[in-house]
Amino acid sequence: WNLSTSNPCAGWYGVTCCAKETVCHVEELQLSANNLVGSIPSSVSDLSMLEALDLSLNTLTGSIPSTIGDLSMLRALDLSLNTLTGSIPSTIGDLSVLMLLDFRWNALTGSIPSTIGDLSMLQYLILYSNTLTGPIPSTIGDLSMLQGLYLYLNALTGSIPSTIGKLGKLRFLYSDLNALTGSIPSTMGDLSMLVLLDLHSNALTGSIPSSIGNRNTLKFLYLYSNALSGAIPSTIGDLSKLQYVDLSVNAITGSIPSTIGDLNMLRGLYLFSNALTGSIPSTIGNLSMLQYLELYSNALTGSIPSTMGNLSMLAFLELDSNALTGPVLSTIGNLGELTHLVLAFNFLTGPIPSTISGCAQLEYFDVSSNYLSRSTSGALPNAL
């Protein structure tokens with residue numbers, strides 16, 4: 001457009017133009033949540049200077065036109081929350097300056113194109129809640145600027161490529177609720193800025209790599225509902241910033257490492273429904289921030305360590321369905337925040353300690369199927 005008289009984009013909803021000398025180009029289309037229907041026209045590529053395209057939260061249908069790859073100036077592409085179908089065009093790899101790619105909550109099918117690795121400036125790749133199939137391409141490791149990778153709620157198969165360890169800036173990795181197989185690559189330990197790793201509800205096998213302990217930036221580790229085996233690596237204790245770890249519903253064996261007590265920021269420890277053996281380490285009493293401790297449905301033996309009475313922030317303590325022996329924790333009364341105490345289906349003996357009265361917040365209490373004496377020398381909390 002000629003700008004000799006006025007800006008023709010003035011007053012156009014969702015359209016941003018920029019004047020360069022005497023020519024006006026459309027730079028942004030921000031049309032989110034506008035009840036748009038129909039398909040994305042292939043002629044969108046005519047907007048050759050477009051830097052941002054946001055068509056999210058509409059009712060767009062059809063496939064993503066391959067001509068979208070002609071938008072060489074595009075930095076942000078958001079087509080999320082529509083009903084788009086078809087596959088991601090391989091031409092997406094031509095968007096060499098793209099920083100944000102968001103296709104979540106559509107009905108996209110097919111595989112993630114290997115050309116995705118050509119997006120050398122990409123910081124966020126958001127593809128969750130589609131029906132994508134096939135493997136995660138190994139070229140994903142070429143996205144050296146990537147900070148967030150969101151692939152969950154698809155039907156991805158195959159193994160996690162070892163090249164993922166090359167993503168030195170990656171902070172958030174969500175690839176849960178897929179059908180991934182194989183083992184967790186040891187190169188995960190190379191992700192020096194990783195804050196969250198979520199691989200739950202896949203079909204992953206093998207052991208948890210000891211290299212996982214290399215990443216002391218990690219705060220959230222979710223590996224539950226897989227088929228992982230082997231022991232919990234002792235290096236888990238090196239994750240000094242870890243707040244939540246969930247390894248439940250796997251086939252993990254061996255004992256709980258004593259190094260678990262080094263996780264002084266830990267708030268939730270979920271190891272239930274595995275095949276853990278041995279005793280609960282006394283170092284668990286060092287976890288002063290712990291609120292949720294769920295170790296039920298394992299084969300743990302020995303007594304409940306008295307140091308557990310140090311866990312003053314604990315709200316949920318579930319140790320049922322193990323082979324624990326000895327008395328109920330005598331220091332149980334120190335757990336003033338406890339709301340759920342489940343010790344059923346063990347081999348505990350003796351009376352319920354009088355100190356139980358100190359658990360003033362207790363709402364659920366189950367010590368059935370043990371060998372406890374019928375009497376208790378103290379009053380049960382009023383909340384019961």
Side-chain angles (χ1 to χ4, degrees), residues 104 112 122-129 135-138 140-141 143-154 156 158-252 257 259-260 262-263 265-272 274 292 294:
R104 65 192 149 109
I112 301 170
L122 197 66
Q123 295 181 15
Y124 293 93
L125 177 57
I126 308 171
L127 302 178
Y128 68 82
S129 295
I136 301 170
S138 60
I140 204 95
L143 302 178
S144 59
M145 303 297 289
L146 200 66
Q147 296 181 36
L149 178 58
Y150 304 83
L151 304 179
Y152 63 91
L153 267 173
N154 279 288
L156 298 172
S159 58
I160 300 168
S162 61
T163 53
I164 210 157
K166 295 164 61 180
L167 302 178
K169 294 185 181 297
L170 194 66
R171 300 180 69 236
F172 304 99
L173 172 51
Y174 292 87
S175 196
D176 48 299
L177 293 157
N178 280 288
L180 297 172
T181 55
S183 59
I184 300 170
S186 60
T187 53
M188 283 284 186
D190 298 332
L191 300 176
S192 58
M193 297 184 69
L194 196 64
V195 172
L196 184 147
L197 175 59
D198 192 345
L199 303 176
H200 83 261
S201 301
N202 281 286
L204 297 172
T205 55
S207 58
I208 300 168
S210 60
S211 60
I212 202 84
N214 296 348
R215 298 285 61 89
N216 62 5
T217 54
L218 201 63
K219 294 182 178 180
F220 306 94
L221 177 60
Y222 302 121
L223 303 179
Y224 62 90
S225 296
N226 280 286
L228 297 172
S229 57
I232 300 170
S234 61
T235 53
I236 199 166
D238 296 330
L239 300 175
S240 58
K241 293 183 173 65
L242 199 63
Q243 295 181 20
Y244 291 91
V245 55
D246 193 339
L247 309 180
S248 62
V249 195
N250 279 288
I252 297 171
T259 53
I260 206 87
D262 296 333
L263 303 177
M265 299 294 290
L266 201 65
R267 289 169 169 77
L269 177 59
Y270 307 91
L271 303 179
F272 62 85
N274 279 288
Y292 302 93
E294 301 190 7

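As a basis for the values below, the full set of heavy atoms in this structure was taken, side chains included, without hydrogen atoms, waters or symmetry mates.
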With the side chain counted from C-beta on, respond yes when [X] and [Y] share a heavy-atom pair under 4.5 Å apart, and no when they do not.
X	Y	value
L173	L167	no
Y174	L151	no
L247	L228	no
I236	I208	no

Any pair with a residue in residues 223-248 that passes side-chain hydrogen bond (donor to acceptor under 3.5 Å, both in side chains), sequence neighbours left out, goes on the list, sorted by first then second residue, please.
H200-Y224, D246-S248

Approximate separation, where rounding is to 0.5 Å, of [X] [atom1] and [Y] [atom2]:
X	Y	atom1	atom2	value
I252	L271	CD1	CG	7.5 Å
L239	N216	CG	CG	8.0 Å
T181	L156	OG1	CG	11.0 Å
L197	L149	CG	CG	10.5 Å
Q147	F172	CD	CZ	8.5 Å
M193	L146	CE	CG	12.0 Å

Minimum heavy-atom distance between [X] and [Y], given as atom pair plus value:
X	Y	answer
P185	S162	CB-CA, 4.1 Å
I136	S175	CD1-OG, 3.8 Å
L177	N202	N-ND2, 4.0 Å
L196	L194	O-CD1, 3.6 Å
G182	S159	CA-CB, 4.5 Å
P233	P209	CG-O, 4.1 Å

Residues that Y222 engages under ring pair (Phe, Tyr, Trp, His ring centres under 6.0 Å), provided they are two or more places apart
none

Whether [X] side chain and [Y] backbone form a donor-acceptor pair below 3.5 Å:
X	Y	answer
N274	N250	yes
N214	I212	no
R171	K169	no
D190	G165	no

Mind checking what makes side chain to side chain contact (heavy atoms under 4.5 Å, CB included) contact with I126, not counting sequence neighbours?
L100, D102, R104, Y124, Y128, Y150

Just one of L221, I160, N178, D176 clears the side chain to side chain contact (heavy atoms under 4.5 Å, CB included) bar with L199, so which one?
I160

